[in-house]
Amino acid sequence: MKAIRSLLDRLYEAPALQRYKPIIGAADAILYGTDETTRGAPHVVDNIDIKRYMSFVILALLPAVLASVCFFGFRVIAIIMVSYMAGGAVEVAFAIIRKHDIHEGFLITGLIFPLVLPPTTPLWVVAVGVVFGTMFGKEMFGGTGRNIFNPALVGRLFITIAFPAIMTMNWQKPFVSGPEAITSATPLTTYKSTAKASKVNPDVVEFEKDEANKQVLFTSASAVKRCTQNGDSRFDGVKIYCVGEPAYNKAGKHKRIEDDNLVRLFSYGDLLVGKEPGSMGETCRIVIVLGGIFLMLARVSNWRIPVSYIGTVFVLALVGHRFLPHDIAPPVFQMLTGGLMFGAMFMATDPITSPFTKAGKYCFGISCGVLTVLIRSFTGYVEGVMFSIVIMNAFTPLIDQIVLMFKYRPVKT
Amino acid sequence: MTHAITIFIAAILTHNIALTYLLGMCPFVSLSRSTRTAFGMSVAVIFVVTLTAAINWPIYHLILVPTGSKLIYYIVFIIVIAATVQLVEMIMERFFPPLQAAFGIFLPLITVNCTVLAVSVLMVLRKYSYGMTLVFAFGSAVGWMLAIMIVAAINEKLALVGNVPKGLKGAGIIMIIAGIIALAFLGFGGMVDIK
Amino acid sequence: MILKKYLGADGYKILKLGITRDHPIFAVGLGICSALAVSNTVANAIAMGAGVTFVLIATAVIISSLRSLIPQRARIITYMITIASFVIIVQMFLDAFSPTISEALGPYVALIITNCIIMGRAEAFYVTNGVRFSVIDAVSNGIAYTYTLVAIAVVREILGFGTLLGFQVTPDGWPKWVVMSMAPGAFFLLGVAIWISKTITEGGSEEEEE
Amino acid sequence: MIAKNRAFPGGYRFRHFEGRPQDKLIRAAIPATITIPLMQGFGDEVAAVVAMGDKVAAGQIIGRDDESISSPVHSSVNGKIVKIGKIEYLGNETTAITIESDGTGDWQSLEGCSAAWDNLAIEQIEELIYLSGAAGAGRDGIPTGFNSSIISPDEVENVIIHGVESEMYAVSSSLLLQGDNLPHFAEGTKILRKVLPHAAFSIALNSECNSLIADVSGAFADNDWCDVRGLEPRYPADYDEILVSAVLGRQFPAGLLAANIGVIVLDIQAVLAVYDAVVAGKAVIERTIALAGPGFEENLHVNVRVGSPLQHIIDGMVKQGADLRFLRNSCLTGEGLFDLSMPADRTCSAIIAVVEGNKREMFAFMRPGPRKDSYSRTFLSLFLGGEKITKRCETNLRGELRPCISCNYCVEVCPVSVIPHLLFHHVEREVIDEALLKYGIFDCIECNLCTYVCPSKITLGQWIKDGKAKLLDEGIPCPQPKFALKGVEEDEDTR
């Protein structure tokens, strides 16, 4: 211990290293904490600082990291390392040039960013994304606490738009990596393409047998049950797609539907555990939700945004799916796919880039939900979470201003 | 009707005149320091853009095209815009002095705001009908308002919390902010089309 | 310095300031719209730069020679009509010689009319100075505008399309940075360009504000 | 009669700090010399009425000023005046009288005091309260006919007597009210009731001391003019501003005093002093002071003569070898006591010794720290049951200064619903304008709780204080409340 202490002290003194004081200072602070004391009242302060605050988030993310290593192999670790190194370099460079301390916010950016990437992302793309996100999303505004946009998402958005070929094609199936890795579409994409291809959906419209297009998208388990119980002969030889667990299996098989004709797209259990393709950290939803709840209990994140966000998506999907089943996926499926859980728990809740007023938080969450459903359902991008969060980041100062305008009436002097 | 709504939404989100066509940047840079000014300017822009488009469409289709003098429509449009702005200012001064006090300072600046001319030129290039022109003009101006209000609010926040590098202060950081917003707005791509 | 001798000390100073300290885009923040919009390929940038330079020079000649005749109240409208007339010439020229570029530039040619550089220089300089200095100023601003546009366009075209003036310059496997050919890329590059130029011209080290 | 409370937003519960003073009282020896500052608590500095070399008795008035709003001060020992001179006392320069004690413990009683106080005329009682110095307690004093407060006795509508102990360290109310003191306290309250005939009385006690509440409410069982209630000891529940709204449900005039709306806030010791003055004729020459914090060998209460030097009070009680910081009355708002030769005056209620935390800790930020207090339940300490374990109390900053991340901790704890980080940003960037007024900067009661919980270690309370000062410099005053105020002119004079 003493050796490290004296080494640090010597480094502080070394004239050649004066420029790099931020690095030494950061190492020192992490290793030893501070010896500064309060000046004036209050003489005693709370035992929380930004380091501890941020390490809560890291702690909450760790299960998701472990899950992604399990699912997608050790390449995940390489990606995380690249992200930390490239982004850390930018952070350190700015700290040296602008002569300020190295701030802890990067620890989170550097971890969240790789978690929202597809597992097959080339390492150089990871580096480009994290460098762009840290620089344009954060450092240009002055660093942690001063940024307007979530830096990890800015980086992710940039590479999504810049390299569409790389970013939207390769989705690796979990548990198979290396040479025999299989790539497939993400659940949301699959739903969209299947729904678009199937012209009929007996859930809402009168079913007319279409010889040319013998497939039906049953969007929920109960729909399968409802439409096949009557012994409807119209389903003979029709290929049926179903999202989630078809309930009729338990109730007894329907004679007219052979097993070959029933394609179970996804089971909700698999989606919850994360056995479907997706970004590295966002597939295992169960640990994400647990991490998010841990953060809320520890008062690091506020429950208002995630609850209103996920709630809005649920309600909108519930209503929307009744009327536009080809565009809007069913609610539970929406909640368990894409980056919704991850985004709502870890990115929308970032206090720096979300409104600080209570009403603003609800407004932020609800708008994020609306935008997510809109973008998922009606645009060329299936993954709406990152877009909606960055858009709402942009609206955050305006929301706060409007809320404050209503909260405080101007005072006449 | 659906078409009108489509164009309106497209003009605000997918084909935002500031974030996609990069127009109206000069007032964007100079007037986005406070939401109050930005709001005044954008209300004035909404008014003038819609009004001039409403005047320019009949002039182009009923006078210039039949007389075969399509070529000089730039000159005609810019004169109409300048005259309209002048007229509006005089009317406001005469009949609505409070309004003039609030928005008056922004009016002369509008003449050089490229959104106004651009909307009139785009309506010609895209061959909109009169109704579509009005919807498009109004939607574009609202889209511009949206963009400048967001950036103004961000700028106000940055004035309190930001620590922008010296060289980036002012126009530089506004470009970066607008860039990130434009990046995010690309997410609406494919939702609706302007045509 | 042959230029200096030819232009005279004052003329040289005007030329130099226009390109460096009083750079229309970086220092004054004028003409940003077109700098962003048409800098996606180098060809567009050159065409736009040439067009703006031409309109600048022509406007400079007209306004500065007629400056005693222009009534104070009708100033702005005179500039506009003058500029608009020359813009029409540019438009006709482009239509005749390069329809592809003309189509690529679309409404942005018309928007030279509201390009604040021209209006701004007319108001600030041409209306108070003689033809000679006005033309030098116009050339200087035109050059500044053009080289900025071209510089941004070079980066955007290489990254966004992998080409330079239409020729393939990147190796085959090179992934295109699609974002660079879109609006956000323009914003980012111009932002960085402004940052770099301001840091160079103003100098000084970065100070941390706490 | 136990009444309902109105909750206030925010606040923070300080739990289980090490070194809470126990219910044990000792009497300190009479010091060799005492120093009496002529400005104590609220009001103006009074003029000395004794001269060098005079012999004085304990309880004898040595300074008074009947013209301005003030209370007389007394010698607390028998002895001789050795010095009258200026000293630097709690940031102000004030005249102080130094008295050499002869070591005797008796005191001179006031004339006209009577155990049968009910027979005294109101004027006589008022005079006793005034002359004893008891009127100088609290932030507004006790109104009498003698210029002892900014309002007159007739204007008082409510009296709040509090013993909530919401801070991490405070004088124990159950100690103050033990034994004979409880009936004395009840008597004192009744005396006050006679002086302030239009006032309704409320007694607010720590809601966790059920037996104490029962005892006190028993003492007032048949008085309908006085209600007794428990308040959750959530800091800053014992601030005048919070008491007025939580107990009475009335709006506090921001930036002014409770007296301006006819409310007088007193603590238990003040009421006991009133009893002593009227019944026993004893002036305020003694205080019960809590010795709190981990720096003392034993945490107890000590009864000292007013004006005893701090060094004399803490002598022999302090842990040896520890690097300590002494604080006056409060960890959150109290001044640091760096000169221990200074006296403890009659507004002093606690001396707190906390450890100077100037030592580095290996991996400090990762330690689970069940012994460290944290608003955000520091690293699993919540889950490990750290709530019950006594918390350490030291001055370490526990982290580096960082930009605000708008985590909203300060907003959540703010008892008056302002947004501290918003005000901080405005003041930091020198944006001093009406916006600050709009966001209620003058509502801030300077309880410093926002600074306490800030993870970025920003001294929000100090910034807001600075902002107020800057606003006043710019000529933007605190907006006056719309309702009628009392005694505003007198208040202006004393400022």
Side-chain angles (χ1 to χ4, degrees), chain A residues 1 4-5 25 28-56 59 100-101 103-105 142-146 294 297-300 302 350-358 361 400 404-405 407-413, chain D residues 168 325 327 330-336 354 356-366 369 372-379 382 393-400 402-409 411 419 421-422 434 437-440 448 451-457 461-462 476-477 479:
Chain A
M1 296 299 109
I4 306 175
R5 182 71 256 156
D28 193 13
I30 287 172
L31 283 173
Y32 286 101
T34 183
D35 59 351
E36 271 182 78
T37 55
T38 51
R39 273 164 296 196
H43 298 273
V44 180
V45 292
D46 198 59
N47 185 34
I48 182 147
D49 65 340
I50 296 294
K51 275 192 190 65
R52 201 174 272 262
Y53 191 91
M54 299 289 180
S55 38
F56 273 107
L59 209 66
H100 62 62
D101 286 353
H103 294 168
E104 294 81 7
T144 307
R146 306 183 187 280
F294 166 74
L297 283 179
R299 290 197 206 207
V300 167
N302 193 300
D350 176 9
I352 306 167
T353 57
S354 60
F356 56 79
T357 50
K358 264 183 211 161
K361 281 186 202 293
D400 272 338
L404 288 180
M405 198 174 79
K407 192 172 173 193
Y408 297 103
R409 302 265 158 225
V411 183
K412 288 195 188 79
T413 46
Chain D
M168 35 190 125
R325 184 190 294 188
L327 310 171
S330 161
C331 281
L332 278 109
T333 54
E335 297 90 346
V354 291
E356 283 282 11
N358 51 7
K359 291 197 180 55
R360 282 163 173 272
E361 270 182 280
M362 196 76 179
F363 290 121
F365 79 102
M366 277 167 58
K372 290 175 185 167
D373 183 55
S374 179
Y375 177 70
S376 69
R377 291 108 180 238
T378 304
F379 238 142
L382 164 78
C393 187
E394 52 173 46
T395 62
N396 191 296
L397 208 47
R398 290 166 176 169
E400 293 81 15
R402 289 286 181 260
C404 169
I405 57 164
S406 47
C407 63
N408 264 12
Y409 284 3
V411 182
I419 302 178
H421 64 85
L422 187 69
E434 266 83 16
L437 286 192
K438 199 174 92 180
Y439 299 141
N448 271 340
T451 315
Y452 180 83
V453 296
C454 182
S456 290
K457 308 296 165 193
Q462 190 58 43
I476 306 174

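First the proteins, then the strands, lettered A, B, ... as listed; each starts at 1.
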Measuring heavy-atom distances to chain A, does [X] have an atom under 4.5 Å in its side chain, in its backbone, in both, or in neither?
| X | value |
| --- | --- |
| D:Leu422 | side chain |
| D:Asn408 | side chain |
| D:Cys331 | both |
| D:Lys457 | side chain |

Return the option, out of [options], with the maximum number of heavy-atom pairs under 4.5 Å with chain D.
| options | answer |
| --- | --- |
| A:Gly105, A:Gly145, A:Gly143 | A:Gly145 |
| A:Leu404, A:Asn302, A:Thr144 | A:Leu404 |
| A:Ser354, A:Gly40, A:Pro42 | A:Pro42 |

Could you tell me the separation between the [atom1] atom of [X] and the [atom2] atom of [Y], rounded to the nearest 0.5 Å?
| X | Y | atom1 | atom2 | value |
| --- | --- | --- | --- | --- |
| A:Thr37 | D:Lys359 | OG1 | NZ | 11.5 Å |
| A:His103 | D:Glu400 | NE2 | CD | 9.5 Å |
| D:Glu356 | A:His43 | CD | NE2 | 10.0 Å |
| D:Ser406 | A:Asp350 | OG | CG | 8.0 Å |

Picking from A:Asp46, A:Asn47, A:Ile48, what satisfies side chain to side chain contact (heavy atoms under 4.5 Å, CB included) with D:Pro455?
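Of the listed options, the one satisfying the test is A:Ile48.
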Under 4.5 Å between any side-chain heavy atoms of A:Asp49 and D:Arg402, yes or no?
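Of all side-chain heavy-atom pairs linking D:Arg402 with A:Asp49, none is under 4.5 Å.
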Does the side chain of D:Ile419 come within less than 4.5 Å of A:Phe356's, by heavy atoms?
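Yes, side chains in contact.
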Largest heavy-atom contact set with chain A, pairs under 4.5 Å, which of D:His421, D:Glu335, D:Gln462, D:Arg325
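Most heavy-atom pairs within the cutoff with chain A belong to D:Arg325.
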As an exercise: rank D:Thr333, D:Asn448, D:Thr451, D:Val411 by heavy-atom pairs under 4.5 Å with chain A and give me the winner.
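Result: the option with the highest number of such pairs is D:Asn448.
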List the steps, then state whether side chain to side chain contact (heavy atoms under 4.5 Å, CB included) holds for D:Arg360 with A:Asp28.
CA-CA 10 Å; D:Arg360 282 163 173 272; A:Asp28 193 13; 3.2 Å; yes
Between A:Arg299 and D:Tyr375, is NZ or CZ placed under 6.0 angstrom from the six-membered ring centre and within 45° of the ring axis?
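Geometry flag: set, cation within 6.0 Å and 45°.
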Where is the tightest heavy-atom contact between D:Asn396 and A:Thr34, given as atom of each residue plus distance?
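Smallest heavy-atom distance, with atoms named: ND2-O, 3.2 Å.
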Nearest heavy-atom neighbours spanning D:Cys407 and A:Pro351
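That closest heavy-atom pairing would be CA-CB, 4.0 Å.
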What's the verdict on side chain to side chain donor-acceptor pair (under 3.5 Å) for D:Ser374 and A:Arg52, showing C-alpha distance, side-chain angles and the deciding distance?
CA-CA 11 Å; D:Ser374 179; A:Arg52 201 174 272 262; over 6 Å; no
